[in-house]
Participant: 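Pasting a structure here, questions to come.
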Amino acid sequence: MSILINKDTRLVVQGITGRDGGFHAAKMAEYGTNVVAGTSPGKGGQHALGIPVFNSVADAVTKEGANTSVIFVPAPFVKDAIMEAADSGVSLIICITEGVPTLDVVEAKRYADLKGVSLIGPNCPGLISPGKSLVGIMPGNIFKEGRTGVISRSGTLTYEVVYNLTLSGIGQSTAIGVGGDPVVGLYYLELLKMFENDPETDSIVLIGEIGGDAEEQAAQYIKDHITKPVAAFIAGVTAPAGKRMGHAGAIISSGTGTAKEKTDAFAKAGVPVASEPAQIPDLLRAQ
Amino acid sequence: MSILINKDTRLVVQGITGRDGGFHAAKMAEYGTNVVAGTSPGKGGQHALGIPVFNSVADAVTKEGANTSVIFVPAPFVKDAIMEAADSGVSLIICITEGVPTLDVVEAKRYADLKGVSLIGPNCPGLISPGKSLVGIMPGNIFKEGRTGVISRSGTLTYEVVYNLTLSGIGQSTAIGVGGDPVVGLYYLELLKMFENDPETDSIVLIGEIGGDAEEQAAQYIKDHITKPVAAFIAGVTAPAGKRMGHAGAIISSGTGTAKEKTDAFAKAGVPVASEPAQIPDLLRAQ
Amino acid sequence: MKIHEYQAKDFFTQYSIPVAEGIVCRDVDSCLETYKNLFSEVVVIKAQVHTGGRGKAGGVKIAKSPQEVRQHAEAILGMDIKGFKVDRVMVAQGVNIASEYYLSFVIDRNSRSVVLIMSREGGMDIEEVAATAPEKIIKIAIDPLIGIPEFLARKAAFMLFDSFDVVKQAVPLIQNLYKLFTETDASLAEINPLVVTKEGKLIAIDGKMNFDDNALYRQPEVEALFEPDEEEKREQDAKSKGFSYVHLKGKIGCMVNGAGLAMATMDMIKLYGGEPANFLDIGGSSNPNKVIEAMKLLTSDPEVNVVLINIFGGITRCDDVARGLIEAFKYLKTDIPVVIRLTGTNEAEGRELLKGTSFHSAQTMSMAISKSVELSKSRIK
Amino acid sequence: MKIHEYQAKDFFTQYSIPVAEGIVCRDVDSCLETYKNLFSEVVVIKAQVHTGGRGKAGGVKIAKSPQEVRQHAEAILGMDIKGFKVDRVMVAQGVNIASEYYLSFVIDRNSRSVVLIMSREGGMDIEEVAATAPEKIIKIAIDPLIGIPEFLARKAAFMLFDSFDVVKQAVPLIQNLYKLFTETDASLAEINPLVVTKEGKLIAIDGKMNFDDNALYRQPEVEALFEPDEEEKREQDAKSKGFSYVHLKGKIGCMVNGAGLAMATMDMIKLYGGEPANFLDIGGSSNPNKVIEAMKLLTSDPEVNVVLINIFGGITRCDDVARGLIEAFKYLKTDIPVVIRLTGTNEAEGRELLKGTSFHSAQTMSMAISKSVELSKSRIK
């Protein structure tokens with residue numbers, strides 16, 4: 001097993017006729033993901049990379065049985081794209097696009113909640129259940145099937161960690177990048193719970209960074225509810241206050257959201273924190 | 001038993017310091033309803049008729065345990081009053097005020113749905129569970145405790161029917177006026193279901209009128225789901241098309257919503273329709 | 001509340017909904033002047049009346065020359081359509097129609113929301129389409145908390161149109177018409193037909209809007225367009241006094257408290273062989289002035305030969321109502337017989353008070369109505 | 001993006017939020033002129049800078065005469081506050097303060113919504129209140145689909161104020177500030193202090209607004225107020241080239257793909273005893289031009305004595321990245337040592353290509369960072 005995506009995932013790519021959408025649709029299909037449809041208003045009836053294109057996500061659901069959507073449309077159109085997907089009948093939406101206005105995400109996420117649909121992202125690399133399905137822009141070849149769940153606010157840092165895991169022979173059940181913006185969809189608590197309940201996940205790696213207090217909350221949640229071993233890493237120990245470190249969400253405001261606070265919270269919850277990515281496999285093995 | 005209100009109902013009166021609100025608050029208390037609070041922004045801390053007044057419905061819920069609200073505020077303020085009540089923690093809202101803009105009701109009703117709160121009205125006389133609780137403006141003394149449920153779109157016509165029932169020795173479990181506007185809260189289907197599930201209701205009287213197709217839907221619903229005897233009455237056989245007969249909802253549009261269509265639907269569903277109110281007791285007894 | 005086509009189109013224009021250009025004219029000369037100014041060989045002359053079916057009644061004509069404009073304008077201005085006198089027409093540019101559609105927003109009782117209704121059967125009576133080919137009608141309920149996001153407008157537009165060029169025009173049209181509907185408290189905003197021209201343009205050819213009477217207090221721009229006919233004036237006058245009144249053509253004037261009971265009273269009059277003269281709901285309270293005003297209204301109808309007063313005493317007790325009636329009739333001089341039926345709280349006391357008056361007092365609704373019908377018939381002979 | 005107090009207050013005024021009247025001045029003479037025109041004996045002269053704590057720094061002074069206005073204006077104009085030079089001040093009417101409050105809207109990550117934050121501890125640093133007396137802070141999450149209906153604004157206002165007269169002023173203020181927040185894509189809209197005057201009036205005395213950088217494309221009115229300082233200019237310049245850049249004060253320039261990995265690289269440099277010179281995320285792709293631009297940016301910092309390039313090859317393979325780097329360095333003349341670490345897809349092929357170049361190639365992140373720190377230290381001696 002795995003969480004969120006697997007062999008039954010039937011993916012529709014919103015913005016498949018765009019440069020990024022097309023490129024990654026091909027990569028995902030190549031990995032083995034069931035990419036069953038794409039959308040591009042006005043191009044319904046055409047094909048892109050051999051994949052049928054529809055005018056709407058609803059059409060992709062009705063005609064191709066899509067149950068998951070991945071969004072590559074430009075930032076100004078993301079809010080509408082998420083709402084469209086949430087209204088269409090898919091149960092999971094992954095938004096890759098970066099640079100989306102925060103209030104657009106606030107509204108679109110609320111709408112998705114109203115429709116009972118899960119959202120991952122925006123500004124995220126997506127997720128992968130190795131050997132089963134890849135949705136997003138992660139490089140599939142560095143992953144390995146296995147029993148460790150990975151949750152991360154980052155992209156390449158996740159790959160770095162996963163690469164170390166894979167090299168150490170530790171495979172992954174599912175690896176998820178939740179996104180680097182201040183407001184995004186599924187986050188630590190929901191995902192920790194899913195991994196805890198997944199019989200094919202034995203341990204969890206959590207990769208956090210500065211900004212907000214989600215790591216502190218996750219630490220408390222792990223202490224209270226998670227029985228599986230967890231190892232953590234926090235990026236941004238050296239980040240100065242008040243500066244946005246690439247991710248819109250990675251900013252230390254008025255002295256809160258620092259790496260130290262987060263590391264302390266994990267320590268208090270009994271979760272070992274790696275001081276560099278290469279330590280993570282050992283931290284997992286030691287538990 | 002009864003539906004919706006009973007001895008445990010703890011009522012807050014929105015607009016208790018207004019003329020109608022004050023008058024009917026006294027009448028309800030006199031009948032035996034637990035009128036535990038009133039609201040009037042800026043008058044929190046005062047008393048009206050010995051009932052504590054609060055600035056908000058939320059305060060009435062927190063401080064007096066109110067679980068039901070009745071609204072008497074003027075029409076332009078009704079939308080906000082319904083939303084306030086829906087957000088406050090009460091589980092049932094009864095709106096008496098007439099003349100409320102339809103789009104205000106559309107929005108407020110949607111908001112109440114979102115909050116999981118039931119709405120009755122607006123433009124309705126309220127409801128009564130005889131001997132237990134009276135919420136609204138119905139004259140309590142014409143009702144009698146018993147086992148017949150009454151659902152009506154009208155006010156005085158309901159009293160006429162109830163009066164005939166009471167004189168014939170047929171008491172009521174709960175009698176509800178759903179309101180005469182095109183868009184209102186709880187309606188036939190929801191209430192029929194509640195009466196069907198109420199062990200202390202043995203039979204149901206449905207009083208409809210011209211406009212819309214709610215009676216036709218109710219007839220179908222009764223045929224499919226209701227096992228208890230039902231008798232109906234429809235007002236407006238002689239109403240001309242295109243004219244609003246007092247109630248904003250009582251209008252025959254383009255030849256649909258006529259009394260004949262409704263009577264036919266009931267006949268098809270095996271529900272006897274009285275040609276005058278006085279016949280209803282006999283129609284109930286005959287089943 | 002209804003408004004004219006040209007007024008609906010003014011609203012459309014305010015909300016960037018494309019319409020065929022046209023001008024309202026009140027006489028033949030301005031029709032000819034407009035014809036000149038529109039720079040369009042073909043124009044349509046359309047009667048502006050608060051009723052449907054003007055096409056069948058000859059109230060819509062195409063003109064291709066000044067002569068034809070004059071001829072049709074003369075014929076239509078002053079015409080009577082279903083009791084409405086035509087005092088103005090719209091002279092509008094002719095359009096090269098490629099295809100016709102139906103699109104409207106209405107309040108839907110069942111979903112308790114605004115509903116977008118669309119059909120490819122444009123130009124037809126939509127109720128007829130609904131009755132004969134319901135599968136040709138598309139309905140989309142709008143969540144009032146969400147409105148119409150672009151994706152939803154696009155989804156709707158793709159259901160109606162095949163060309164993406166037209167879809168792109170339809171998306172803002174649908175969003176703007178909904179905005180117009182909600183911002184003006186409309187109860188109907190209809191475009192029929194909505195056409196695609198041979199040039200590929202989406203245009204509203206006819207427009208109709210009705211408004212929520214309960215919301216007029218906050219819609220001064222709409223209220224300013226209110227043009228009541230004679231009957232509506234009577235109804236409005238009644239409303240200003242706290243009544244609901246609808247005029248009918250019978251002999252028995254009714255005064256009832258409550259709309260449902262008032263309808264039931266009319267129905268029973270008919271059932272018992274009589275003819276109700278009106279619907280009149282006088283609302284609550286036992287105020288004698290209200291009874292006086294109601295009696296004036298009823299007796300202003302020369303057809304009325306009996307008045308039936310049917311009051312259910314609820315919160316207001318029957319004895320108080322009886323006192324109010326006696327007080328009121330001190331000021332009313334009429335030889336029309338009055339039947340009174342009081343039921344409900346303290347009805348015995350109420351009836352006691354009416355004893356010895358000139359009223360015909362009845363104990364039940366059946367008895368009161370039988371008596372009224374009998375009196376009415378006897379007075380015709 | 002930050003704006004000045006006077007600009008925030010201009011927005012407040014546009015949204016009918018009452019502020020103490022005031023005018024921005026760039027020299028002493030206009031301060032004196034404003035003092036005359038305000039018809040207020042007491043005025044406050046406030047430095048306008050993109051940082052907090054100006055009060056403690058002496059950037060806010062009360063003046064009661066032209067002499068005092070001159071004295072304080074001269075002192076404040078030109079002052080340096082936390083590295084920001086004061087080039088303008090606001091001269092504002094003095095207000096008879098009866099009580100002070102805090103009110104703001106911010107984006108809340110946890111509830112994923114806009115949150116209204118209020119406190120009776122106005123005029124204080126709100127983070128301090130949050131840390132020392134969290135029970136004195138009221139937070140209300142706003143449902144984006146609903147906004148702030150009147151009842152909610154009233155409920156909030158009753159939590160903050162005891163007088164109903166003030167509550168009635170606070171209701172539209174709260175609704176309007178939320179409207180301003182959402183319509184301008186703000187990330188913070190703060191009034192601190194919000195005061196009740198001795199005359200019972202509710203007034204915003206200080207105002208602060210920050211905006212969502214991602215939404216500036218649709219907020220031209222906000223974007224027009226952007227005044228980057230020297231560092232922000234450098235960051236913005238980087239952004240226009242597709243980079244995220246933050247300047248630090250160390251010696252080791254870093255070029256990394258991905259924000260998280262870039263932060264982790266900085267952290268490890270520090271962990272290994274070195275000092276990172278910057279945060280630089282160059283994003284995806286192996287485009288040589290991007291590398292050239294990034295190198296120019298890094299080497300423009302005279303402090304930098306080593307460059308560390310840390311690339312994770314994912315979708316873009318390591319061999320392609322290596323080719324891009326080799327290509328780029330054909331055009332770059334620099335004697336600063338460059339450490340390159342390529343990991344991920346095709347990393348062996350990538351490293352093979354780098355053999356025989358002048359780059360210090362490292363296999364793991366630890367090795368690359370050790371090498372960089374070692375080189376950096378050796379170059380200081």
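Treat the numbers as computed from the prediction; the structure is a model and nothing was measured. Lettering follows sequence order; numbering is per chain, from 1.
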Participant: Tell me, side chain or backbone of A:E160 under 4.5 Å from chain D's heavy atoms, or both, or neither?
Facilitator: both

Participant: Among the options D:A262, D:G313, D:G344, pick out the one with the most heavy-atom pairs lying under 4.5 Å from chain A.
Facilitator: D:G344

Participant: Heavy-atom distances under 4.5 Å only: say whether A:L167 touches chain D with side chain, backbone, both or neither.
Facilitator: neither

Participant: Under 4.5 Å heavy-atom distance to chain D, tell me which part of A:I207 shows up: side chain, backbone, both or neither.
Facilitator: neither

Participant: Counting only N and O atoms by type, is there a donor-acceptor contact under 3.5 Å from the side chain of D:D212 to the main-chain atoms of A:P101?
Facilitator: no

Participant: For chain A, which residues from residues 249-260 of chain D lie under 4.5 Å away (heavy-atom distances)?
Facilitator: D:N257, D:G258, D:A259, D:G260

Participant: How close do A:I234 and D:D267 get, heavy atom to heavy atom, and via which atoms?
Facilitator: O-OD2, 4.0 Å

Participant: Is A:V105 close to chain D through its backbone or its side chain, or both, or neither, when contacts mean heavy atoms under 4.5 Å?
Facilitator: neither

Participant: For a quick test of reading the model, state the closest non-hydrogen atom pair linking A:L157 to D:A264 and the distance between them.
Facilitator: CD1-CB, 3.8 Å

Participant: Quick one: what part of A:R153 sits under 4.5 Å from any heavy atom of chain D, side chain, backbone, both or neither?
Facilitator: side chain

Participant: A:K243 and side chain to side chain donor-acceptor pair (under 3.5 Å): which partner among D:H247, D:E232, D:E235?
Facilitator: D:E235

Participant: Find out whether D:M365 and A:Y163 are in side-chain contact, i.e. whether some heavy atom of one side chain is under 4.5 Å from a heavy atom of the other.
Facilitator: no

Participant: Is it the side chain or the backbone of D:I369 that comes within 4.5 Å of chain A heavy atoms, both, or neither?
Facilitator: neither

Participant: Which atoms of D:E275 are under 4.5 Å from chain A, going by heavy atoms: the side chain, the backbone, both sets, or neither?
Facilitator: neither

Participant: Flag the pair D:M268 / A:P277 as yes when at least one side-chain heavy-atom distance between them is below 4.5 Å, and no otherwise.
Facilitator: yes

Participant: Are D:L271 and A:T238 close enough that some pair of their side-chain heavy atoms sits under 4.5 Å apart?
Facilitator: no

Participant: A:G155, A:P182, A:A75: which one forms the most heavy-atom pairs within less than 4.5 Å of chain D?
Facilitator: A:P182

Participant: Does any non-hydrogen side-chain atom of D:K270 lie less than 4.5 Å from one of A:V237?
Facilitator: no

Participant: Once rounded to the nearest 0.5 Å, what's the spacing between atom NE2 of A:H247 and atom CE of D:M263?
Facilitator: 6.5 Å

Participant: Given heavy-atom pairs under 4.5 angstrom as the criterion, report whether the side chain, backbone, both or neither of A:P125 touches chain D.
Facilitator: neither

Participant: Nearest 0.5 Å, what's the OG1-OH distance between D:T343 and A:Y159?
Facilitator: 14.0 Å

Participant: If you count heavy-atom pairs under 4.5 Å between each of A:T158, A:V162, A:V184 and chain D, which one has the most?
Facilitator: A:V184

Participant: Any carboxylate oxygen within less than 4.0 angstrom of a Lys/Arg side-chain nitrogen, looking at A:R244 and D:D213?
Facilitator: yes

Participant: Quick one: are A:L103 and D:F181 in side-chain contact, heavy atoms under 4.5 Å?
Facilitator: yes

Participant: Any donor-acceptor pair under 3.5 Å linking the side chain of D:R109 with the backbone of A:D213?
Facilitator: no

Participant: Could you tell me if the side chain of A:Y187 sits less than 4.5 Å from the side chain of D:R112, heavy atoms only?
Facilitator: yes

Participant: Could you grab the distance from atom OG of D:S366 to atom CD of A:Q279, nearest 0.5 Å is fine?
Facilitator: 8.5 Å

Participant: Is it the case that more than 12 heavy atoms not belonging to A:E98 sit under 6.0 Å from its CD atom?
Facilitator: no

Participant: Any chance you could measure D:T265, atom OG1, to A:E276, atom CD, to the nearest 0.5 Å?
Facilitator: 11.0 Å

Participant: In terms of heavy-atom pairs under 4.5 Å with chain D, which of A:A259, A:S275, A:A239 leads?
Facilitator: A:S275

Participant: Does the side chain of D:E127 come under 3.5 Å of the side chain of A:T256 through a donor N or O and an acceptor N or O?
Facilitator: no

Participant: With chain A as the partner, which of D:I269, D:D108, D:V246 has the greatest number of non-hydrogen pairs under 4.5 Å?
Facilitator: D:V246

Participant: I'd like to verify something: which residue of D:D125, D:I311, D:D281, D:D143 has the highest number of heavy-atom pairs under 4.5 Å with chain A?
Facilitator: D:D143

Participant: Report which part of D:Y272 has an atom under 4.5 Å of a heavy atom belonging to chain A: side chain, backbone, both, or neither.
Facilitator: side chain

Participant: Nearest 0.5 Å please: distance from the OG atom of D:S113 over to the NZ atom of A:K109.
Facilitator: 11.0 Å

Participant: At a heavy-atom distance under 4.5 Å, which candidate from D:L280, D:N110, D:T182 has the highest pair count against chain A?
Facilitator: D:N110

Participant: Under a 4.5 Å cutoff for heavy-atom pairs, which residue among A:G140, A:A214, A:G211 has the most contacts with chain D?
Facilitator: A:G211

